[in-house]
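In this chain, residues are counted from 1 in sequence order.
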Amino acid sequence: MRQKLSRLLSVVIVFLMLFTTESLSVIVSADSEASYIADFRVVTDKKSVAAGDYVNVSVNLTTNYEIAGMQFPLIYDSTVFEVQSVDFVGQMASGSYLCNKNLNVNESAYKRNNNPGYWTSASVMDKYKIAFVSWAWDSTYSSVQLSSEETIVSFVFKAKKNITDISGFVFISMDFLKTSSCPGGLFFCARLIQSDPLIMADKGQSIRVNYSYPDDTICVNHTYETITVKPSCSEGGYTERTCSVCGDSQIYDLVESLGHDWGAWLEIKAATETEAGIEERCCSLCGSTEQRELVRPEKSVVNSITVIRGTASMKSYKGEEYVAITMTPGRTVTGLYKDMVDGGTVKLVDVVGTIQDRAGDYVAYQSQNKTNPVATMKVTYADGTTEKYPVVFELYEMEREIDLDVSKNIRPIRGKVSLAEDAKGEYILVEMLEGQSSVGVYKATTDGSATATLDGAEGVLTEKEKLYIFYGSQNTFNPEGRLTVTEADGSQSTYRVVFKLYEMDPYVNAAKGLRPVRGAVTFDDDGTIRIKMTSGQTSVGLYKTMANGATFEIVDANGRVTNNPSSLMFYMTNNTANITATMVFTLPDGTTKEQKIIFDMGLASDPDPLTYLKPVRGTVSYQNDGTEDYIEVKANLLSTGVGIKKDCLIKYTITDVDGIMTENDSRYYVYKSQNNDGLTANISFLQSDGSYKTYKVKFVF
C-alpha cells in the first residue's frame with residue numbers, strides 16, 4: 001500500500017504543476033455516484049462594507065469520502081472588491097498537502113466552462129475576476145476526509161466602495177464544474193480510490209454549492225430581439241437588442257441626427273411702423289417650420305454703412321463706443337465704401353496704420369499692417385446730420401480690446417502689443433510670438449507721426465538704428481523699462497513697458513526650460529509640473545540640460561529613477577505608482593526655486609503598501625486581531641526567521657520595534673531564536689504630499 005500511495009503522490013505532484021494548462025485526465029461527473037457528495041459553502045464575515053474595509057471570505061467544505069485533490073475558481077466583482085491574500089486552513093493547512101494559489105488568472109481560464117459565450121465577453125472579464133486555488137493530498141500523511149463542515153481556504157478582500165449587502169459579489173459558479181459535458185472545467189473535488197493509485201476519480205461524485213449570484217451575473221442562453229431606430233432631424237438613430245430571458249440591453253451603431261434642412265426665410269407678414277412683421281422657413285426633410293419677427297431697422301451707423309469683405313458692429317473700450325469693421329474669416333482685406341445705403345457719405349480722418357483711400361472706398365490689407373488700423377469715421381447722413389465715431393479695422397484677432405489712444409500706437413518686432421495691468425498699474429505689454437526667440441519695438445510708430453525712446457531697461461538690450469530688441473538667450477526674465485513717445489508737435493508721454501520673453505511667473509519660467517523624454521510638460525491648477533507620458537510609451541523622463549540655461553535636481557522622489565548620461569528616466573516596470581517629487585531649480589542668476597513635479601505614467605497615485613513590501617523567507621498580508629488592522633510578515637514553514645527587503649519603490653522607515661531586529665545593507669530581519677512570536681513595530685511610508693503614513697506590522701513565526 002505504501003508503494004502504491006507513493007506512486008499516487010508522484011501523479012498528484014505532476015498534476016498540480018500543470019494545472020493551469022491541463023485538468024485531470026479523467027472526467028468528474030456531477031451526476032454519477034451521487035452517494036459521494038462534496039458540499040461547498042461560501043461564508044463572509046460581514047454583510048455590509050464601507051470603502052477601505054477588509055472582508056474575510058471562507059470556503060467551507062463537507063465530504064463523505066477521502067479527497068485526493070481539488071481546484072476551484074472563486075469569482076468576485078472587481079468593481080466592488082480587490083483580493084488581498086489567500087491561505088489554506090484546517091486540515092488543508094496541516095502539512096499533508098501540496099497547494100497552488102493564483103489570485104489573477106489569465107484570459108484562457110475564462111474559456112474553461114460550459115458557458116464560454118458569457119464568461120469570455122470583454123465586459124464580463126473586465127468586471128468579474130477569478131481567484132484560483134488548487135490542492136492535492138500528500139500520500140505520506142493520513143488521508144483527508146471532511147465528514148463535518150470545515151473551512152478549507154480563507155480569502156481576504158478589500159472593499160472599493162460602500163455596499164449595504166455584499167451577497168452575490170463573491171461566489172463560486174457552477175458553470176466551471178468539470179463534468180462529462182464540460183471536461184475542461186476548472187472546478188472539481190476528486191476522491192481517492194486506493195485500489196488503483198493511478199486512478200484518483202474514475203467515476204466522480206456529486207458537488208453541491210451554497211451560493212448566490214448578483215442579479216446581472218448569469219444568463220446561460222441569451223435570446224436577443226433587435227430593433228433599429230432611424231435618425232430624424234432632431235434625434236439620432238441606433239440599433240438596440242434586448243435579451244428576453246434576463247433583460248440585458250445593448251445599444252450600438254449610433255447615428256447622429258440629420259439636422260434640419262432649412263429653406264430660405266419668406267416674409268408672410270409685412271412689418272409696419274407700429275407692428276413687427278413675420279418671416280418663416282421650412283425644413284425640406286420633416287416639414288417643421290420656424291418663425292421670427294421681421295422688424296424695421298432703426299437708423300444706426302452700422303446699418304447705414306456698406307462693408308467690403310467684412311461685417312460692422314458697435315463695440316466699446318473703457319466706456320467709449322467705436323465701430324468695429326471685422327474682416328470675414330479666410331480673407332486678408334476689409335474696408336468701407338464711401339457711399340452709404342441711405343444716400344449719405346463716409347470720410348476717414350486721423351488714420352493710424354495703412355488704409356488705402358481710393359475713389360469709392362477705404363481698404364486695409366493685412367500685408368500692409370502688423371496691427372489693426374485705427375481712424376476717426378465722419379458720417380454725413382442724407383438729411384445733412386453728421387456723427388463721428390472711432391473705427392477699428394480688425395485684420396487680426398485681438399486678445400484684449402484695442403486702445404484707441406493713438407499715442408500708444410507702438411509697432412512691435414516679432415510680437416504683439418496690448419495693454420495689461422498688474423499691482424503696479426497699467427503698462428504696455430510687448431509679447432513675443434509663438435516660436436520666436438526675441439521681441440522688441442521699432443523706434444517709429446505705425447503711422448510715422450511719432451517716435452519712441454526706450455530707457456531704464458532691465459536686462460540685455462540690443463539697440464539698432466531703427467529698433468530696440470531683447471533676445472531670450474541673453475535674458476533670464478522679462479525685461480522692463482520706460483517707453484517715451486514723442487509726438488510730431490513735441491509733446492511726450494511716458495509708459496511702463498514689459499517685454500515678455502518668458503512666462504511671467506518665475507516658477508513657470510524655470511519649468512518652461514524643461515525638455516521631456518517621451519512625454520509632455522503640463523501644469524496643474526496648483527502650479528505642479530506634470531510630465532505626462534506619451535500614449536503607447538512605457539517610460540517618461542527629462543533631459544538634464546534645460547533650454548533656458550537653468551539647472552535642476554529632483555529630491556524626495558517616491559520611486560526608482562534611472563540616471564542616464566543625458567537624462568533621468570522613470571520606467572513603468574520599475575515603479576508601481578506615478579512618481580511625485582520636488583524639483584529644485586537653480587536659475588542663471590544663481591537664485592533657486594522649488595516646485596512640485598509629477599511624472600505621470602498613468603499608474604495609481606496611492607497604491608497599497610503590500611504592493612511594495614518584499615518579504616524575506618515569508619509572506620505579507622493584512623490581518624486583524626479583533627481590535628485593529630495590521631500588516632503581518634509571516635515566516636515560511638521551517639524558516640528560522642523572517643524579514644523584509646530594503647529595496648522598495650518608495651521610502652519607508654521602521655520604528656518602535658519591541659524586540660531584536662537585525663539590519664544590513666539589504667534587509668531588516670527578525671530571528672526566531674531571539675524573539676517571541678509576534679514581534680511588533682511601526683512602518684511608515686512616504687506619501688505624495690511629503691508626509692508619512694504609518695502602519696502597525698507584526699512578525700509571526
Salt bridge (Lys or Arg N to Asp or Glu O under 4.0 Å) with Lys160: which residues, sequence neighbours excluded?
none
Any residue meeting side chain to side chain contact (heavy atoms under 4.5 Å, CB included) with Arg482, in chain and number order, not counting sequence neighbours:
Asp455, Thr494
Could you check whether Glu321 pairs with Lys315 (Lys NZ or Arg NE/NH1/NH2 to Asp/Glu carboxylate O, under 4.0 Å)?
no
Is Glu480 salt-bridged to Lys500, cutoff N-O under 4.0 Å?
no
Salt-bridge test for Arg281 and Asp261: reply yes if a basic N is under 4.0 Å from a carboxylate O, no otherwise.
no
Minimal non-hydrogen separation, Ile410 against Val485, with atom names:
CD1-CG2, 4.0 Å
Does a donor on one side chain and an acceptor on the other come within less than 3.5 Å for Ser438 and Arg414?
yes
Minimal heavy-atom distance between Ser304 and Tyr381, with the atoms involved, is OG-CE2, 3.8 Å
Between Thr582 and Glu594, is the side-chain hydrogen bond (donor to acceptor under 3.5 Å, both in side chains) condition met? List the steps.
CA-CA 7 Å; Thr582 300; Glu594 287 189 4; 5.6 Å; no
Can you confirm whether Lys161 sits close enough to Thr79 that some side-chain heavy atom of one is under 4.5 Å from a side-chain heavy atom of the other?
yes
Can you tell if the side chain of Arg515 reaches within under 4.5 Å of the side chain of Thr545, non-hydrogen atoms only?
yes
Considering residues, nucleotides and ligands other than Tyr571, do more than 12 of their heavy atoms fall under 6.0 Å from its OH?
yes
Answer yes or no: is there a side-chain heavy-atom contact under 4.5 Å between Val430 and Ile428?
yes
Lys443 NZ/CZ over Tyr468 ring centroid, <6.0 Å and within 45° of normal:
yes
